[in-house]
Amino acid sequence: MSKNLVIVESPAKAKTIEGFLGKDFLVKSSYGHVMDLNKAQLGVDIENGFEPQYEIAPDKKKLVAELKKAAKEAEMVWLASDEDREGEAISWHLFKALSLKEEKTKRIVFHEITKQAITKAIENPRSIDTNLVSAQQARRVLDRLVGYELSPLLWKKVKPSLSAGRVQSVAVRLIVEREEEIKNFSVSSSFRVTAVFVVEIDGQKHQVQAELPERYNTEKEALAYLESCLGADYVVHSVEKKPGKKSPAPPFTTSTLQQEASRKLSFSVANTMRVAQQLYESGKITYMRTDSVNLSDLAINMAKNEITSRYGSQYVKTRRFATKTKGAQEAHEAIRPTYMDKDFVEGSADEKRLYDLIWKRTIASQMAEAELERTIVTIDVSTNKSQFVATGEVILFDGFLKVYLESTDDENGDAVEGLLPPLKKGQKLNLNEMLATQRFTRHAARYTEASLVKKLEELGIGRPSTFAPTISTILKREYVVKEDRPGEKRSFKVLQLQKDKIKNTTQTETTGQEKAKLFPTDIGILVNKFLVQYFDSIIDYNFTANVEKEFDEIAEGRKVWNEMIKEFYGPFHKKIVDTTENAGKFSGEKFLGIDPASGNNVFVKVGRFGPMVQIGDTESEEKPRFSGLRKDQSMEEINLEEALKLFEYPRNIGKFEEKDVTVAVGRFGPYVKHNSQFFSLAKTDDAATIDLDRAVELIEGKRTKEAQSVILEFEKEPALKVLNGRYGPYISYNKSNFKIPKGTEPEKLSLEDCMSIVNNPENAPKKRFVKKKGK
DNA sequence: CAGTGAGCGAGCTTCCGCTTGACTT
């Protein structure tokens, strides 16, 4: 039995700390929050000062019992959750859930996992900060009220199972508004004039790239300019040198790690977190969910030693970075390697690459600035008043650039930059060629997962632990999709001046190509429109920032948490009631035209199962006909003709084995139906042209496949089969499936064996995995 | 690498923020 029980949030942290503290200390983990509001209800007593109805999270019951036992046996319990709002609440919840006694409980905090920091923390205990706990409670209750009152309203007015919340709804809004901006963007073009000069210096030939600062709006003006240069001489007018410096970026936080891993390694945000978690658990990096750019003294010293021994002391420049992020809580260090002298790790390829990125970024953050010299050369044209400008950048001292340079999201790669030869004022240059190239303006870039995270963080919305889950949520709700889009070919004009002749050519380029970008869906657009119309204040970009200010006041004891909630809830709830009663169905209905066959109106709108086309009015006596939109169609873009085409199915294409064969398009794509069985069309098939022969081929193909997938059948019990599925052999019985125990050969199972597996209550299908029926 | 194919009738869905395992259909 240990005299002392220390409770931290993460088990990996517990393991490390136990090593520092010795025999008298038992270190356990709470695995995050242990108490929360009941999921099935509102969980807030509105009538009674918004009293939260906490319960021990169902999946934490066992853990809490264990911790309770350990606490009872210990002489002192040290609550060592993180020093931020959530961490303080975790300590408070532990105090309650473990029925701790005040006289044998101490609250301690530390920001870095070193023996020194922990010893110091143990020497300086405090009590739980109830103001900070109240601030967390306000945050929790506000999010619950917003989420659990807005979502049901969406179920009523838009479509069941939808969700809204302080964070996710703003994320969707950003994507929807960016798409609108792109849709409304009008492309314009202008001509950019560039020139390549040749100069001989000390017997060596050099090229000089230069650009005209002015742009010409039309081809005619560009041509006129080129013509004005015919027969011109080009002379260096001035050479200006400017010293410059570049500084390294701060060490990684969760969000900057996600951004750089996306830009440099093409990782999704979720993948970055998964890989970082593996590195953390194996002790290779510090904690990966952090908003702090701070490094411990120990880390800075390790970096300093490492830089000195690798590159020399002139490359060292240690710094402390300050966090600029709104609402940062800084309970942890920045993300860095645990041991700076390890510049690589064993593990999967992803782990190696992510670790390499973290190592470089951390080391570079403690290195000297790069010293540059920027040269600007202006070049006179003898036949007109214009001047070309050539710029060059020379690195005088590479500094941190030796190790790492942060990437940018900027897609503009047009700049002409590089090394310039040593030019002098008055020097004559020979023109090799001059080009006037048509360039088009570009709309704002669509969000990637990582650039969305960046934007959310800038707005102070969401936390390091929620960036990745927020993206999963809006994808799962089908508010947005992550997609590639092929580009379109576009032609552009190039005028070329060479050897005193002007040539006019048309070239083509690909534009608008997108890779892994976030696009709003019809549902996302509609839900956003609803929320903007009725709950503008909630999905306002500043809503979080404003309530965060109030949470801070609560944390400082200057405001009472439930008074703040009351002030918010009054008008909010009134608006909910008002909208429930007065707003009609919000289906985004759009009239497309008249169906020539029936003379009925054709609409596109969002129905119970998503976007659909409706022929005929809902009020009319004749029952309207419905058809869901295909995945590649959108309410925005569909026209009458395409809408009517959806009703050409099911189409009868003949008889097979005396039963009708029909072809139709469902929500899983086109299929053939025969004898109430379904057969998906292959990607190469076309539902519009498929014939009976091909349909029969599909039917027979599936039959043979099915026959092969049956391992065992029993005469006595036709409802039971042993099948070979995607996850290996399994037992199918009355539409439920059961795993076969490890080590048994499926071919040798008897009916009795199978029945005992099926009837074993341990194998009963678990509720949370039961597929939701659309009925 | 299997399964799915509705059109609102019934019961359910839902939030954000802390943390890890998880072995289904």
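For the numbers below, each heavy atom of this structure counts, side chains included, while hydrogens, waters and symmetry mates do not. Below, read A as the first sequence line, B as the second, and so on, with proteins coming before strands; counting in each chain starts at 1.
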Calculate the interatomic distance between A/Ile565 atom CD1 and B/dC16 atom C1'; express it in whole Å.
13 Å
Applying the 5.5 Å / 30° rule, does A/Trp155 stack onto the base of B/dT13?
yes
List for me each residue that meets side-chain hydrogen bond (donor to acceptor under 3.5 Å, both in side chains) alongside A/Gln277, sequence neighbours excluded, and say none if there are none.
A/Glu281
For B/dG21, does OP1 or OP2 lie under 4.0 Å from any side-chain N or O of A/Arg274?
no
Would you say the base of B/dC15 stacks on A/Tyr148 (centre-to-centre below 5.5 Å, plane angle below 30°)?
no
Phosphate OP1/OP2 of B/dC18: any A/Ser465 side-chain N/O under 4.0 Å
yes
Do A/Ser465 and A/Arg289 get their side chains close enough for a donor-acceptor pair, meaning under 3.5 Å?
no
Here the distance between atom C1' of B/dC15 and atom CD of A/Gln137, to the nearest Å, is 16 Å
Rounded to whole Å, please give me the gap between NZ in A/Lys476 and C1' in B/dT13.
11 Å
Separation of A/Tyr280 atom OH from B/dT20 atom C1', in whole Å?
11 Å
Test salt bridge (Lys or Arg N to Asp or Glu O under 4.0 Å) applied to A/Arg107 - qualifying residues, sequence neighbours left out
A/Glu88
Residues 50-59 of chain A, side-chain donor-acceptor partners within the protein, below 3.5 Å, at least two apart:
unit_1  : atom_1 : unit_2   : atom_2 : d
A/Tyr54 : OH     : A/Gln137 : OE1    : 2.9
A/Glu55 : OE1    : A/Asn38  : ND2    : 3.1

To the nearest angstrom, how far is A/Arg140 atom CZ from B/dT14 atom C1'?
11 Å
What is the distance, rounded to the nearest whole Å, between atom CG of A/Leu162 and atom P of B/dC8?
18 Å
Does a nitrogen or oxygen in the side chain of A/Tyr671 sit under 4.0 Å from OP1 or OP2 of B/dT4?
no
Relative to the ring of A/Tyr534, is the ring of A/Phe530 parallel (under 30°), tilted (30 to 60°) or perpendicular (over 60°)?
tilted
Taking only residues two or more places apart in sequence, or in another chain, which ones meet A/His111 in a side-chain hydrogen bond (donor to acceptor under 3.5 Å, both in side chains)?
A/Glu83
Between A/Thr466 and B/dG17, does any side-chain N or O lie under 4.0 Å from OP1 or OP2?
yes
When rounded to whole Å, the CG to P distance for the pair A/Leu154 and B/dC12 reads 20 Å
Just to confirm, is there a sub-4.0 Å distance from OP1 or OP2 of B/dG7 to any side-chain nitrogen or oxygen of A/Gln614?
no
Is the shortest side-chain N/O distance from A/Arg463 to OP1 or OP2 of B/dC16 below 4.0 Å?
no
Residue list, side-chain hydrogen bond (donor to acceptor under 3.5 Å, both in side chains) with A/Asp36, at least two apart or on another chain
A/Arg140
Round to a whole Å and report the spacing from NZ of A/Lys15 to P of B/dT20.
12 Å
Quick one: is B/dT20 close enough that its OP1 or OP2 comes under 4.0 Å of any side-chain N or O from A/Ser10?
yes
Each base of DNA chain B marked ( ) or [ ] if paired in-strand (Watson-Crick or G-U under 3.5 Å), | if paired to another strand and . if unpaired gives .........................
